[in-house]
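Notes follow once the structure below has been shown.
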Amino acid sequence: MVIDLDISGMTCAACAARIEKVLNRLDGVSAHVNFATESAHIDVAENAVDFITADTLIATIQRAGFDAKPTVDPFLEANADDFSRDDEEKLSARLKRERTILVVAALLCLPFLWQMVLMLAGHGHDVLPSWIQFLLAAPIQFVIGARFYKGAWHALRSGAANMDVLVALGTSCAFLLSLAVWLWPLPDQHVYFEASAIIITLVLFGKWLEARARARASTALKSLMALQPNTVLRLSNGTAECVPLTQIRPGDAYLVRAGDTVPVDGMITAGFSALNEAMLTGESLPVDKSIGDTVFAGAVNTSGALECVATAVGHTTLLAGIVRQVAQAQSSRAPIQRLADRVAAVFVPVVLGIAVLALIVNGFVLGDWAQALLRATAVLVIACPCALGLATPAALIVGVGRTAQAGILIKNAEALERAERIDTLLFDKTGTLTTGAPHLVALHLHPSSSLDENTLLSVAAALEQGVNHPLAQTLVAAAQARGLALPSVTDVRQHSGLGVSATLNDETWRIGSPAFLQTQGIDIAVVESLSDTSATRVVIARDMQCQGALLLADTIRSSAAPTMITLRAQRITPYLVTGDHELAAQSIAKLAGIDEVRTQQSPQDKRALVIALQKKHRVVGMVGDGVNDAPALAQADVSFAMGTGSGSALAAADMTLLRNDLTMVADAIDLSRATLRKIRQNLFFAFVYNVLGIPLAAFGFLSPVLAGAAMALSSVSVVTNALLLKRWRSCAKPIQ
């Protein structure tokens, strides 16, 4: 069982690590907490579902000093009343409230800034009387900054330390030292009320900027969720009635006018139009739709009116599946994040130790304990681990969102990271490199066969009518086009992507690839001598006697050759692996520009090839249709499913391509590399920032105020760097 929770009250990566730790202490619970998305993804073992519930998990989080609530799926009808589509307005109101608090703090700090300017001009340290400084700093410290004390108390009570502890401890030291100097005049000492006030203001400023940047990072998911309208024009007895979306059920008829957004998945029963599916599939051009075609929720009808019947509503629509998968991928954890997680778990206690050491050493060396305290304060302030906690998830949120906008769905962050290292990519032929819409070009009867062409085709279609493969469906369609009646067969057995055997009139019939019939001991020498070298051959036999062959031709995708050029530029070697015969495969490979070709490959052979390449330390990707290629897709380091938007395609592979465009494979790999590049840059910035900043603060080269400014900007810089991924453009198409 999987439970997703929204968490509030986290201020840094240490908070996320703390929540994760207390949740994982529960028997049968495996939790991952994401600081950037403020969420928890929790797996509960089957033997624990009776005593581990959402309420149990929420109570555990609350005892740790945070709050949580179940994540609401906006596409579930049960949650329709609880979910509000004005989340953007709520976020804006929250940011406005935070901005108001920030403005009040900044206004109170203005006199301190004026004093600092005068100090730089040569005036004394106490331009403002101490009592005025106290009156300005106290509201910031104890009213506006109360959130830090509250967060620190909850963290310490639960046996942990976080950013709130560092800020509260650092600013309190500066404030209390100033209070002591003012109330009990100490010789040769100054007050430092401005340090505590400006530090808190700068931290609030940084958190506000960070919240704005994080909101921008999640715009892709929000834009997807906003695609589905709230109402639908339901048709009843030829009359259109506007009803709430939640009242629509599968089988209901509805109307989509020109300019309207499709409310639910459905099938067109009347009308013709062109639909813009860009936000679902990344396809920039409208797609023509007519009677019998499928429409998806979120697509925009650009021209004529369409009458449709609902096939999927609520959480079962393609749009809902995309939103869930994008959200899960954005909140998942990349393996590269493990180092940052280990550091974050011990970071705050280590920083506290360094601050104490800086206080003691500076106090004895300088003989000025007030100055030593300020240096220790600077260490506490600059070391807040916000940037470290945002480095990986911020880039993932933007990167996964950008791939979704391009029509590429990623299952999790681990798949995204593996895709970056792909150096070998295997392609299936039928339905992948080719359009998957073959047509029958010829029938060849064996010289000894007593059948005619129509009988041969009708038997072949009868054997194949239950097989979900383009070649099989082509034979059935060809028989139907000729108006042939299909005989009844029994004992049908599918041989794992190789062929089919069945019983007809007490005789055993087999149909499949030439290699399959050869393994059955059937002589196919006549078939091998056929002159058409580019067509795919399907052989049929009765008992142990070959009866003939059906030749089917397919068309290579227009995107195949450009994609191979792009892949080679990415230092990736493409392979063609197919169950087809040598001549047909080589013909397609030549058109696509693929040098490495493996023919007459069974599903197990394809998987064995993947294993062989992996043993040579190659990182192998597999592109297929998710049916006959399933063993190889499962074995590959990264699997890509060519999809036409069916719900089952969403779970078929590590990456699902929502339109049948091979350039998307190269785009997915390029985006994974761009995302991992940003993650590494962010981790480098976060680590180097702390490695350099803490010693500088400890040795007095950074004042507490400068440390606060640097800390505030560090997390903002990390998120801003991640946002640069929004500028990514397809590597296989010219930039518009």
Side-chain angles (χ1 to χ4, degrees), residues 428-430 434 438-464 467 469-476 478-479 482 484 487 489 491-554 576-591 596-606 608-609 628:
D428 175 46
K429 183 175 77 69
T430 304
T434 63
H439 56 280
L440 183 65
V441 295
L443 291 93
H444 290 274
L445 293 170
H446 194 279
S448 63
S449 176
S450 60
L451 305 178
D452 57 33
E453 288 190 355
N454 284 343
T455 303
L456 182 72
L457 179 58
S458 65
V459 174
L463 294 171
E464 296 276 32
V467 180
H469 188 277
L471 298 181
Q473 294 168 359
T474 297
L475 293 177
V476 174
R482 295 191 182 190
L484 302 178
V489 296
D491 301 325
V492 179
R493 181 185 175 191
Q494 295 187 28
H495 298 269
S496 186
L498 297 173
V500 177
S501 61
T503 300
L504 173 61
N505 297 329
D506 296 325
E507 295 174 315
T508 300
W509 290 77
R510 296 176 179 85
I511 187 171
S513 66
F516 168 63
L517 267 70
Q518 277 185 316
T519 62
Q520 303 293 305
I522 297 172
D523 182 9
I524 59 168
V526 173
V527 173
E528 291 180 331
S529 66
L530 294 177
S531 59
D532 194 329
T533 60
S534 61
T536 297
R537 305 168 190 190
V538 177
V539 185
I540 184 169
R542 177 171 56 187
D543 289 330
M544 299 301 292
Q545 178 64 45
C546 178
Q547 298 297 309
L550 305 101
L551 273 60
L552 300 97
D554 202 351
L576 170 59
V577 289
T578 177
D580 212 343
H581 65 91
E582 180 76 18
L583 295 175
Q586 288 292 352
S587 175
I588 293 296
K590 183 177 180 180
L591 292 173
E596 298 288 344
V597 181
R598 302 292 185 273
T599 60
Q600 298 186 356
Q601 299 282 296
S602 68
Q604 290 72 25
D605 291 334
K606 294 179 182 180
L609 176 60
N628 294 330

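FYI, the numbering just counts along the sequence from 1. Treat the numbers as computed from the prediction; the structure is a model and nothing was measured. All values below come from the heavy atoms of this structure, side chains included, with hydrogens, waters and symmetry mates left out.
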Looking only at non-hydrogen atoms, find the nearest pair between P487 and L504 and report the distance.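 Residues P487 and L504, closest heavy atoms: CB-CD1, 3.9 Å.
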
A585 and T578: which non-hydrogen atoms are nearest, and at how many Å? CB-CG2, 3.6 Å

Should [X] and [Y] count as side-chain neighbours, where that means a heavy-atom distance under 4.5 Å?
X: I524; Y: R537; result: no
X: E464; Y: L471; result: no
X: I588; Y: D554; result: no
X: L451; Y: V459; result: no

With sequence neighbours excluded, what pairs up with Q547 under the side-chain hydrogen bond (donor to acceptor under 3.5 Å, both in side chains) test? S449

Under the side-chain contact (heavy atoms from CB on, under 4.5 Å) rule, what do D428 and K606 come out as? Steps first, then yes or no, please. CA-CA 9 Å; D428 175 46; K606 294 179 182 180; 3.2 Å; yes

Main-chain N/O of N454 paired with D452 side-chain donor or acceptor, under 3.5 Å: yes

Using 0.5 Å steps for rounding, measure from the OG1 atom of T599 to the NZ atom of K429.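 Separation between the atoms: 11.0 Å.
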
L609 CG to D605 CG distance, which is reported to the nearest 0.5 Å: 9.0 Å

Tell me, with the steps shown, if L475 and L552 meet side-chain contact (heavy atoms from CB on, under 4.5 Å). CA-CA 9 Å; L475 293 177; L552 300 97; 4.1 Å; yes

Side-chain donor/acceptor pairs under 3.5 Å, residues 509-516, sequence neighbours excluded:
unit_1: R510; atom_1: NE; unit_2: Q520; atom_2: OE1; d: 3.2
unit_1: R510; atom_1: NH1; unit_2: D543; atom_2: O; d: 3.0
unit_1: S513; atom_1: OG; unit_2: F516; atom_2: N; d: 3.2

